[in-house]
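Just so it is clear, the values below take in all heavy atoms, side chains as well, and ignore hydrogens, waters and symmetry mates.
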2 protein chains.
Amino acid sequence: MYAYQRLIFPQWQTETGVNEIYSMAGHLVRRLNQISMAVFSERMGELGVELTPVQYAALSSIRETPGIDQATLAGAIAYDKATIGGVVDRLAGKGLILRGMSARDRRARALTITPEGEALFQRVTPHIRTLQNDILSGLDDAEKTQLLNLLRKTTDAGNTRSRAPLRRHNEGESA
Amino acid sequence: MYAYQRLIFPQWQTETGVNEIYSMAGHLVRRLNQISMAVFSERMGELGVELTPVQYAALSSIRETPGIDQATLAGAIAYDKATIGGVVDRLAGKGLILRGMSARDRRARALTITPEGEALFQRVTPHIRTLQNDILSGLDDAEKTQLLNLLRKTTDAGNTRSRAPLRRHNEGESA
DNA sequence: GATTTTTAGTATGCATACATACTAAGATCG
DNA sequence: CGATCTTAGTATGTATGCATACTAAAAATC
């Protein structure tokens with residue numbers, strides 16, 4: 001049945017489906033991201049926590065670098081600064097972070113984590129860690145490692161291609 | 001300072017950065033999806049075409065299955081039906097598809113591609129194909145194949161975990 | 001065949017995600 | 001030091017992406 005189609009339109013037949021898009025990198029990456037978001041959201045729901053992936057990433061970065069400004073934060077977790085504005089808004093609205101004023105730059109906001117934010121971070125982080133494994137279901141440990149290595153390699157190489165490249169500001173700064 | 005952290009929390013130090021999130025599956029997948037979207041958008045921009053990844057996927061699916069309804073379309077490309085409503089709106093607004101009435105079901109819309117849609121599809125498809133390769137930069141051909149196989153395997157396994165699972169309705173239907 | 005359940009599509013609301021444009025302020029340069 | 005350039009943050013607009021709720025119609029059940 002598929003063999004017949006393969007004779008006529010080879011591009012329509014892949015291992016995973018009929019339409020060519022099913023075998024495209026873009027489609028597969030989007031699907032895995034979709035699964036990743038669903039697993040994250042589901043696990044947070046089970047914990048009774050309202051926290052999105054970006055919000056966790058931002059919280060983690062603010063916690064790591066107290067007083068960080070929004071632009072640096074955006075670069076640190078590879079998001080658009082316009083997007084980060086809203087994320088920071090919601091984190092502050094939940095009382096997880098504070099938006100202070102920067103001493104050096106009157107334009108900039110100095111972000112710090114609150115005790116509530118720290119407590120939530122401590123509480124959810126173990127679950128975030130174990131959840132990473134569930135994202136890559138159907139693979140054995142060796143395959144997971146392999147996939148993670150390939151993802152790291154290609155995201156590193158393609159970093160500047162994205163509209164919001166990752167900027168590791170503290171690289172080489174600290175002693 | 002970070003060297004000190006490395007001694008205590010080795011998981012904080014990865015090849016790509018200091019923060020633990022940089023090595024997490026969720027983060028890496030999101031980054032690659034971000035790169036994928038940027039490459040797609042940039043290529044379409046060069047062609048002077050206003051078309052998003054979802055819109056292309058929908059167009060491709062409607063073209064493949066003329067008369068498809070929105071719910072089946074949503075399942076066929078793994079999107080939420082609410083999202084697809086808007087996507088179909090915009091495709092129809094651009095004159096790329098038609099939203100007819102279903103003969104069998106008065107609730108359902110029968111979607112068909114227009115000559116303009118077909119022409120656009122024919123024009124962009126070769127570029128969409130070559131663009132897939134650019135998404136996975138920094139990898140050699142063997143690594144790209146390996147990554148695609150792992151992505152296929154894990155998205156297959158995790159399919160039902162996502163909120164909008166892929167449903168291949170025409171599996172076994174065609175001759 | 002009437003009731004119940006499911007389903008197709010839409011509406012609404014929230015949260016990314018990013019382009020563009022704008023203001024205010026810091027940085028640079030002549 | 002004044003003009004220019006750049007940058008931090010915000011505002012606005014578009015497009016996902018999905019939850020929830022709703023209407024209308026089809027399907028299933030009794």
Side-chain angles (χ1 to χ4, degrees), chain A residues 26 30-31 33-42 44-45 50-58 68-75 77-94 99-111 161-165 167 169, chain B residues 26 30-31 33-42 44-45 50-58 68-75 77-94 99-111 161-165 167 169:
Chain A
R30 181 187 68 81
R31 285 291 293 139
N33 190 50
Q34 204 175 22
I35 290 165
S36 167
M37 306 267 286
V39 169
F40 189 102
S41 161
E42 192 189 349
M44 290 304 107
E50 288 286 326
L51 204 68
T52 66
V54 209
Q55 288 172 15
Y56 176 77
I68 192 171
D69 63 288
Q70 292 183 196
T72 309
L73 171 62
I77 56 179
Y79 277 92
D80 189 275
K81 64 174 180 171
T83 302
I84 287 306
V87 173
V88 163
D89 262 346
R90 286 179 281 278
L91 283 176
K94 294 182 204 175
R99 289 225 280 198
M101 314 274 285
S102 169
R104 288 172 303 171
D105 190 333
R106 264 181 297 169
R107 297 168 302 176
R109 309 296 203 114
L111 309 174
R161 273 186 174 80
S162 108
R163 293 297 179 165
R167 269 177 230 143
H169 65 291
Chain B
R30 182 188 68 81
R31 284 291 292 139
N33 190 50
Q34 204 176 21
I35 290 165
S36 168
M37 306 268 285
V39 169
F40 190 102
S41 163
E42 191 188 350
M44 289 305 108
E50 288 287 326
L51 204 67
T52 66
V54 210
Q55 288 172 15
Y56 176 77
I68 193 172
D69 63 288
Q70 292 183 194
T72 310
L73 171 62
I77 56 178
Y79 278 92
D80 188 274
K81 66 175 178 169
T83 302
I84 286 305
V87 172
V88 163
D89 261 347
R90 286 179 281 277
L91 283 176
K94 294 183 205 175
R99 289 224 283 196
M101 314 274 284
S102 169
R104 289 171 302 171
D105 190 333
R106 266 181 296 168
R107 296 168 303 175
R109 310 295 205 113
L111 308 174
R161 274 188 173 77
S162 110
R163 294 297 178 163
R167 270 177 231 144
H169 66 292

- Note on the structure: Which of C:dG9, D:dA8, D:dT16 is nearest the side chain of B:Val54? It is D:dT16
- Separation of atom CE in A:Met44 from atom C1' in D:dC18, rounded to whole Å: 18 Å
- Minimal heavy-atom distance between B:Ala38 and A:Ser162, with the atoms involved, is CB-CA, 3.8 Å
- Task: Between B:Arg90 and A:Ala110, just flag the one whose closest nucleotide in DNA chain D comes earlier from the 5' side.
- Result: A:Ala110
- How close or far is atom C1' of D:dA25 from atom CE of B:Met101, stated in whole angstroms? 12 Å
- Message: side-chain hydrogen bond (donor to acceptor under 3.5 Å, both in side chains), that's the test. Do A:Arg30 and B:Ser36 meet it? Break it down for me.
- Response: CA-CA 8 Å; A:Arg30 181 187 68 81; B:Ser36 168; over 6 Å; no
- Item | Nucleotide nearest B:Lys81 when distance is taken to its side chain, options D:dC18, D:dT16, C:dG9 | C:dG9
- How close or far is atom P of C:dA17 from atom CG of A:Leu73, stated in whole angstroms? 13 Å
- Task: Send over the distance from A:Asp89 CG to D:dT12 P, rounded to a whole Å.
- Result: 13 Å
- Item | Short side-chain to backbone donor-acceptor contact, B:Gln34 and A:Ala78, under 3.5 Å | yes
- Message: Students often get this wrong, so: under 4.0 angstrom with heavy atoms, is B:Ala71 touching a base, only sugar-phosphate, or nothing?
- Response: sugar-phosphate
- Measure from CG on B:Asp69 to P on C:dT7 and round the result to the nearest Å. 13 Å
- Query: Of the nucleotides C:dA17, C:dG26, C:dA8, which one has an atom closest to the side chain of B:Asp105?
  - Reply: C:dA8
- Message: Nearest to the B:Arg107 side chain among C:dT7, D:dT10, C:dT16, which nucleotide is it?
- Response: C:dT7
- Between atom CE in A:Met37 and atom C1' in D:dT16, what is the gap in whole Å? 10 Å
- Kindly compute the distance separating OG1 (A:Thr83) from NZ (A:Lys81), expressed to the nearest 0.5 Å. 11.5 Å
- Note on the structure: Looking only at C:dA17, C:dA15, D:dG17, the nucleotide nearest the A:Arg30 side chain is D:dG17
- Task: Hey, which sits more toward the 5' end of DNA chain D by its nearest nucleotide, B:Arg104 or B:Ala164?
- Result: B:Ala164
- Query: Which of these nucleotides, D:dT10, C:dA15, C:dG9, is closest to any side-chain atom of B:Arg109?
  - Reply: C:dG9
- Nearest listed nucleotide, side chain of A:Arg106, among D:dG9, D:dT16, C:dG26: C:dG26
- Options D:dA19, C:dC18, C:dG9, nucleotide nearest the side-chain atoms of B:Arg163: D:dA19
- What is the distance, rounded to the nearest whole Å, between atom NZ of B:Lys94 and atom C1' of D:dT14? 11 Å
- Determine the contact category for B:Ala108: base if any of its heavy atoms lies under 4.0 Å from a base atom, sugar-phosphate if only primed atoms, P, OP1 or OP2 are that close, otherwise nothing. sugar-phosphate
- Note on the structure: Per atom distances to the A:Thr83 side chain, the nearest of D:dT10, C:dA17, D:dA15 is C:dA17
- Query: Tell me: CZ of B:Arg99 to P of C:dG9, nearest whole Å?
  - Reply: 9 Å
- Item | Nearest to side-chain heavy atoms of A:Val87, which nucleotide of C:dT16, D:dA25, C:dC18 | C:dT16
- Main-chain N/O of B:Arg90 paired to B:Gln55 side chain as donor or acceptor, under 3.5 Å: no
